[in-house]
Amino acid sequence: MAKTPAQRIKKHGAKAVVPRHELPPVINPTTSRTPRKAQSNSNLILIAGVVASLFLFWYLHLLTLNQLTQLSGGLAMPDSLIGGFDRDFAEQLRTAMDQDARGQLNYVHKTAGTLFPLIFGFSWLLLIGTNVARKPLRWALWAIPLLFAAVRLWGNAAIDAMMSAETVDAGQVALASGLTVAGWVLLVLSLLAGAAAVFLGRKSSSPATRTAGHAEP
């Protein structure tokens with residue numbers, strides 16, 4: 001039975017031969033994570049999020065909701081009305097759309113209508129976070145896309161409740177209309193917040209670029 005290193009030392013003293021144990025080499029040491037690589041990865045995720053947001057906006061508002069007007073006698077879907085709508089419009093829309101058409105609107109809200117605000121909100125959080133260094137300003141700008149996502153999801157549920165109710169309720173119509181208007185306003189404000197974040201990011205990086213340029217021989 002092989003002796004342990006401690007047993008060899010105890011028996012032979014300084015003459016004991018103790019096998020050397022070496023730690024295994026680091027696996028692929030060239031894959032060290034640097035700030036530049038981390039920034040590159042976040043940029044790739046950001047670009048993918050922005051592209052997905054643009055596609056979902058086109059698919060939801062410019063394609064699907066427009067196609068649903070064929071099931072409502074040409075009446076626009078509530079989500080598309082930037083200025084909101086009143087009780088008379090809600091009654092006309094409910095009369096024009098049968099149960100199957102309302103089910104299709106509900107399905108759109110559960111799919112693209114849910115994905116768009118979530119992906120847009122995440123992408124804009126990343127856009128602002130990678131360009132704005134000051135915490136108070138970053139949190140202030142973050143609040144806008146977060147509110148947009150929450151309001152849009154709430155608005156979807158309010159519209160579905162309004163369309164599926166047995167009778168048109170003035171309170172439900174006012175809530176759905178107000179959330180629709182608020183969603184469009186917050187979308188515009190989110191775009192402005194993203195543009196401001198990009199501007200601030202370029203402005204903060206320009207002095208460092210100039211300093212690096214002067215440091216070169």
Side-chain angles (χ1 to χ4, degrees), residues 33-62 64-65 76-85 108-162 171-213:
R33 184 176 178 85
T34 63
R36 180 172 296 180
K37 289 182 179 179
Q39 180 67 28
S40 177
N41 291 338
S42 64
N43 288 338
L44 291 176
I45 297 174
L46 177 59
I47 292 172
V50 172
V51 171
S53 298
L54 290 174
F55 171 77
L56 286 171
F57 180 86
W58 168 81
Y59 177 79
L60 175 62
H61 290 283
L62 302 181
T64 307
L65 293 179
M77 294 298 103
D79 314 63
S80 303
L81 300 175
I82 300 176
F85 46 88
V108 170
H109 286 160
K110 290 180 178 179
T111 53
T114 298
L115 289 175
F116 169 63
L118 290 179
I119 293 178
F120 176 86
F122 170 79
S123 302
W124 252 241
L125 289 179
L126 183 59
L127 173 65
I128 294 169
T130 55
N131 287 281
V132 180
R134 291 190 301 171
K135 283 188 177 180
L137 179 59
R138 185 166 68 237
W139 277 104
L141 294 177
W142 270 348
I144 301 174
L146 285 174
L147 282 174
F148 164 75
V151 167
R152 281 299 298 265
L153 295 177
W154 188 10
N156 290 343
I159 291 173
D160 290 335
M162 178 190 72
Q172 284 184 328
V173 174
L175 177 62
S177 177
L179 291 173
T180 300
V181 175
W184 283 105
V185 172
L186 287 170
L187 176 61
V188 175
L189 292 178
S190 297
L191 294 175
L192 294 177
V198 172
F199 174 77
L200 292 173
R202 291 181 177 179
K203 186 177 180 181
S204 62
S205 63
S206 58
T209 304
R210 290 196 297 266
T211 302

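Start at 1 with the first residue, then count along the sequence.
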Suppose we screen for side chain to side chain contact (heavy atoms under 4.5 Å, CB included). Which residues come up paired with I45, at least two apart in sequence or across chains? F122, L126

Partner set under side chain to side chain contact (heavy atoms under 4.5 Å, CB included) for V108, not counting sequence neighbours: L60, T64, L65, L68

Let's go through F120 and L191 carefully: what are the C-alpha distance in whole Å and the side-chain angles of both, what is the deciding distance for side-chain contact (heavy atoms from CB on, under 4.5 Å) to 0.1 Å, and is it a yes or a no? CA-CA 10 Å; F120 176 86; L191 294 175; 4.1 Å; yes

Would you please name every residue forming a side-chain hydrogen bond (donor to acceptor under 3.5 Å, both in side chains) with D160, sequence neighbours left out? N106, H109

Considering only distance and modelled atom types, tabulate donor-acceptor pairs under 3.5 Å from the side chains of residues 174-187, sequence neighbours left out.
| unit_1 | atom_1 | unit_2 | atom_2 | d |
| --- | --- | --- | --- | --- |
| S177 | OG | F85 | N | 3.0 |
| S177 | OG | F85 | O | 3.1 |
| T180 | OG1 | A176 | O | 2.8 |
| W184 | NE1 | D79 | O | 2.9 |

How far apart are the closest heavy atoms of [X] and [Y], and which atoms are they?
X	Y	answer
A133	R138	O-NH1, 3.0 Å
P117	A149	O-CB, 3.7 Å
A52	I119	CB-CG2, 4.0 Å
W124	G194	NE1-CA, 3.7 Å
I159	P78	CD1-CB, 3.8 Å

Does R152 qualify as a cation-pi partner of W154, given the criterion of NZ or CZ under 6.0 Å from the six-membered ring centre and within 45 degrees of its axis? no

Answer yes or no: is there a donor N or O on one side and an acceptor on the other, between the side chain of N131 and the main chain of F199, under 3.5 Å? no

What residues form a ring-ring contact (aromatic ring centres under 6.0 Å, His included) with W58, not counting sequence neighbours? F55

Partner residues of F57 under the ring-ring contact (aromatic ring centres under 6.0 Å, His included) criterion, sequence neighbours left out: H61, F116

Could you walk me through whether L118 and L153 pass the side-chain contact (heavy atoms from CB on, under 4.5 Å) check? CA-CA 9 Å; L118 290 179; L153 295 177; 4.0 Å; yes

Quick one: CD1 on I144 to CG on L125, what's the gap to the nearest 0.5 Å? 11.0 Å

